[in-house]
**Student:** 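Quick one: the structure is below, and I'll ask about it shortly.
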Amino acid sequence: MGKATSFDVLPLEIANHVCSFLRQSEVSRLSLAAKPVYELVRPILYRHPKITSFTSLTLFQRTIIQATYMGKVDFQWSTRECLDQTRTLELTIDPTIDSARNNGEPPAAIMVSRMIQAIVRRCPNIAITLRFAHCQCEFTPISRLESETFPRVTKLMVYVGRHEPDGSHTHDPNDRRRRNRIRCCPNPAFWRPFVNGICFPDCKSLEIRHFWATTPPDHASLDLKKNHRGDYGGDDLGFYDPHGIQSGGGPTIGATDGLKRFESILLESPPELNSSLLMQLLGNPKSVASNLARLELRFCNLNEETISKLLYHAPPNLKHLVLLHSNQSYHSYSRQASPHLCPLIREFAKNMVHLEFAAPTICRELFFDDLERLSLRQSGIATGIGATGGVIEGTNKLDTHLIRDTVQACRKQKKTKYRNGRVKEAITMAKAKTNSASTSSSLFGGAPNQNNIATRAHRDTEFLLDEEEEQRSRLIEGSKTPWFRRIVTGQGLCSNDDTWAEIQLAADMEEKGVKWVVVNKYLQIASQHSNGKASIGLDLRQALEEKFDFKSRTTPGFTDSIDGSNEEFDGFDL
């Protein structure tokens, strides 16, 4: 048997490979084995540190300061090495953990800001992910963010609301202290530090959840059981606004220069937001979110008119949209009451890589335009066979073959008409250009042959149209992220005469390469669709998972919890 090799004498590449299978906390404990081992794993230990408490942040900051002190004899770690090794930092500030260590007081925003600035001065290339867990709107550090600056925070996640440490939401009506607390309501001051461009000058991703107390699980459901509209302390206060900004007056958010840097925004169940404030955020022409590629609005207090404006004036580079609408007073579509969102979603979704839309009711206008619906009526397609929720009434059956043939023939006709129009326009422009050019040269030769000009323009245009269609197919099929649509209805269809079977058939007929999931919570039906493939029935729970996975189910791996201990940096107290 060969002689055993000590871990600290392994080549750096092998040690890196071995440590890649370990969690951050395990690497931290390994570094305590011996000083040679610590020297070996130190690059891994400091490359992507994860801090889960304010106490650990204090230890990490002190370690970074001592490590970059060149004159310390017993610690040979230069400033240059520190800058090279530390690339990212995941920082979680959780008042439920840190308050117990600070006489019940949560960490102050000024202290978090100062420690981050001290780390950034020594590691200027670091990218920080900052989480605020178990937060409450009116208490620090949330209420004091506007007074501080947090440089190099590229991703900010705020889990805010009346969350109890164990996840419960009990309410005692005799608790005067709770009754006197500030309500969660539409509040411009809440949004100012996130979007003013000063407090978080490097932030590219913003995530605010008023539902989860901390990071949601891997298989979190979109079917949230808690009340989206009420105060999370249990008071049925709705969206009471002390400033009266529903009518458009009152305080405003102010500067929104930070929106220009955002690439991703996720807002879930925020009582601090309403239609007026959303238009101040995303409808400000002076600070268009030109880099915003991902927008998720989940169960926000928005009316249909605001949503329609958002679709009309969406950021130019938006490719990922999640719009989960939960207006509880909305039972069926009324053309006089509010804009019809279904056709707007259909037109807006054509160039979306990822779209999720949930509403109390939907209809076939999500799939069929006016001309296609007219063709169905002219073909004598049976209508009025639907019942509540979209189920087929009685023994009537939907003529799926006739619907499919009619819609496909209509789409083929529209395509032909479009191509003929493009060809005619190209021929007209080519003849006009040739006639203007031939006027000056007519003294030296005859006029060009008009038939040859038309033939050449026709051929070139047909080639261009074929190339455009091929590029579209390559764009969808070659995308790194699969093109995905998820449509969810809670109460059924906009019209009780329509049927859910027609919605499923329409999803089957959509563009090739685009995957669809349609969910009817009223009928407890969910299915997956893709053009050219057989539809697949889905379990309702699986279809409503926040992160839908088309692949087969596997056993979820172990995930670190941010509610765990702060042992990662207990060994860094030098």
Side-chain angles (χ1 to χ4, degrees), residues 263 288 290-295 311-321 343-357 365-375 404-438 447-487 505-516 528-533 550:
E263 298 175 358
V288 176
S290 56
N291 293 321
L292 188 64
R294 183 186 184 106
L295 175 63
L311 297 177
Y312 277 122
H313 305 286
N317 294 317
L318 190 64
K319 295 298 180 183
H320 180 116
L321 177 66
L344 297 179
I345 292 291
R346 182 191 68 242
E347 294 297 325
F348 182 78
K350 290 180 179 179
N351 294 319
M352 288 285 106
V353 175
H354 186 105
L355 173 72
E356 298 184 51
F357 176 65
E365 291 191 44
L366 275 168
F367 305 92
F368 300 148
D369 60 23
D370 294 340
L371 187 59
E372 292 165 356
R373 296 197 309 276
L374 177 61
S375 299
R404 184 184 297 272
D405 293 342
T406 302
V407 172
Q408 288 179 345
C410 181
R411 291 176 178 176
K412 184 177 181 180
Q413 182 182 5
K414 289 191 298 181
K415 179 181 177 181
T416 302
K417 184 178 180 180
Y418 171 75
R419 292 177 70 97
N420 292 340
R422 288 279 300 271
V423 169
K424 184 177 180 180
E425 182 182 1
I427 292 175
T428 303
M429 293 180 61
K431 288 182 176 180
K433 183 178 180 180
T434 303
N435 290 335
S436 63
S438 63
N449 190 308
Q450 296 295 317
N451 292 332
N452 293 339
I453 295 174
T455 301
R456 187 182 304 109
H458 189 177
R459 184 179 64 248
D460 293 344
T461 305
E462 289 285 356
F463 176 81
L464 180 61
L465 291 171
D466 292 339
E467 181 66 21
E468 289 178 357
E469 293 180 3
E470 186 178 351
Q471 288 180 354
R472 173 74 175 182
S473 299
R474 290 199 301 264
L475 177 64
I476 296 176
E477 296 176 0
S479 175
K480 295 181 179 179
T481 303
W483 284 45
F484 175 60
R485 310 280 188 269
R486 175 160 47 182
I487 307 297
L505 176 62
D508 277 331
M509 299 170 59
E510 285 299 295
E511 197 169 10
K512 287 186 177 181
V514 181
K515 297 180 179 180
W516 288 78
Q528 176 182 323
H529 304 266
S530 184
N531 193 327
K533 300 180 181 179
F550 287 102

**Student:** Please name the pair of heavy atoms, one in S290 and one in N317, separated by the smallest distance, quoted to 0.1 Å.
**Tutor:**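 Minimum heavy-atom separation between S290 and N317: O-ND2, 2.5 Å.
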
**Student:** Any side-chain heavy atom of Y312 sitting closer than 4.5 Å to one from L344?
**Tutor:**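 They are in contact (side-chain heavy atoms under 4.5 Å apart), so the answer is yes.
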
**Student:** Can you list the steps and then say if M509 with R404 is a side chain to side chain contact (heavy atoms under 4.5 Å, CB included)?
**Tutor:** CA-CA 8 Å; M509 299 170 59; R404 184 184 297 272; 3.7 Å; yes

**Student:** Please find the pair of heavy atoms, one from E510 and one from N531, that lie closest to each other, and give the distance.
**Tutor:**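 Looking at all heavy atoms of both residues, the shortest contact is O-ND2, 2.6 Å.
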
**Student:** Could you tell me which non-hydrogen atom of F348 sits nearest to which non-hydrogen atom of A314, and how far apart they are?
**Tutor:**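 Closest pair (atom of F348, atom of A314, distance): CE1-CB, 3.4 Å.
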
**Student:** Suppose we screen for side chain to side chain contact (heavy atoms under 4.5 Å, CB included). Which residues come up paired with S479, at least two apart in sequence or across chains?
**Tutor:**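 In terms of side chain to side chain contact (heavy atoms under 4.5 Å, CB included), with neighbours along the sequence ignored, S479 is linked to V353, T481, W483.
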
**Student:** Is the closest side-chain heavy-atom distance between C410 and L371 below 4.5 Å?
**Tutor:**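 A side-chain contact under 4.5 Å exists here.
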
**Student:** Below 30° counts as parallel, above 60° as perpendicular, anything between as tilted: where do the rings of H320 and H354 land?
**Tutor:**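 Judged by the thresholds at 30° and 60°, the geometry between H320 and H354 is parallel.
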
**Student:** Determine the minimum heavy-atom distance between R373 and E365, stating which atoms define it.
**Tutor:**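 Taking R373 first and E365 second, the nearest heavy atoms are NH1-CG, 3.3 Å.
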
**Student:** Would you give the length of the straight line joining atom OG1 of T461 to atom CD of E468, rounded to the nearest 0.5 angstrom?
**Tutor:**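 Separation between the atoms: 10.0 Å.
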
**Student:** I476 versus V514: any side-chain heavy-atom pair under 4.5 Å?
**Tutor:**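 Yes, at least one pair of side-chain atoms sits under 4.5 Å.
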
**Student:** Does the pair R411/D369 count as a salt bridge with the N-to-O cut at 4.0 Å?
**Tutor:**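 No, R411 and D369 are not salt-bridged.
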
**Student:** Could you tell me whether a side-chain N or O of R472 sits under 3.5 Å from a main-chain N or O of E467, the two making a donor and an acceptor?
**Tutor:**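 Answer holds: no.
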
**Student:** Any side-chain heavy-atom pair from E462 and H458 closer than 4.5 angstrom?
**Tutor:**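 Yes, side chains in contact.
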
**Student:** Before giving the answer on side chain to side chain donor-acceptor pair (under 3.5 Å), spell out for R456 and N451 the whole-Å C-alpha distance, their side-chain angles and the decisive distance to 0.1 Å.
**Tutor:** CA-CA 9 Å; R456 187 182 304 109; N451 292 332; over 6 Å; no

**Student:** Taking all non-hydrogen atoms of both residues into account, name the closest pair between L355 and A349 and its distance.
**Tutor:**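 That would be CD2-CB, 3.3 Å.
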
**Student:** With a 4.0 Å cut-off, would you call E469 and R419 a salt bridge?
**Tutor:**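 Salt bridge present between E469 and R419.
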
**Student:** Above 12 or not: heavy atoms from other molecules or residues under 6.0 Å from CD of E347?
**Tutor:**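 Buried by this count: over 12 neighbours within 6.0 Å.
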
**Student:** State, yes or no, whether a side-chain contact exists between K412 and K417 at a heavy-atom distance under 4.5 Å.
**Tutor:**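 Counting from C-beta outward, K412 and K417 never come under 4.5 Å.
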
**Student:** Less than 4.5 Å apart, any side-chain heavy atom of L318 and any of R294?
**Tutor:**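 Of all side-chain heavy-atom pairs linking R294 with L318, none is under 4.5 Å.
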
**Student:** Quick one: list whatever passes ring-ring contact (aromatic ring centres under 6.0 Å, His included) with F357, sequence neighbours left out.
**Tutor:**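 Partners of F357 under the ring-ring contact (aromatic ring centres under 6.0 Å, His included) test: none.
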
**Student:** Who are the side-chain hydrogen bond (donor to acceptor under 3.5 Å, both in side chains) partners of Y418, not counting sequence neighbours?
**Tutor:**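 For Y418, the residues satisfying side-chain hydrogen bond (donor to acceptor under 3.5 Å, both in side chains) (neighbours in sequence not counted) are R422.
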
**Student:** Could you tell me which non-hydrogen atom of T406 sits nearest to which non-hydrogen atom of S375, and how far apart they are?
**Tutor:**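 Heavy atoms only, the tightest pair is CG2-O, 3.6 Å.
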
**Student:** Quick one: are V407 and L505 in side-chain contact, heavy atoms under 4.5 Å?
**Tutor:**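 V407 does not reach L505 side chain to side chain.
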
**Student:** Using a strict cut-off of less than 4.0 Å between a Lys/Arg side-chain nitrogen and an Asp/Glu carboxylate oxygen, indicate whether K414 and E372 qualify as a salt bridge.
**Tutor:**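 Yes.
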
**Student:** Do L374 and F368 have side chains that approach each other closer than 4.5 Å (heavy atoms only, starting at C-beta)?
**Tutor:**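 Result no, sub-4.5 Å side-chain heavy-atom pair not found.
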
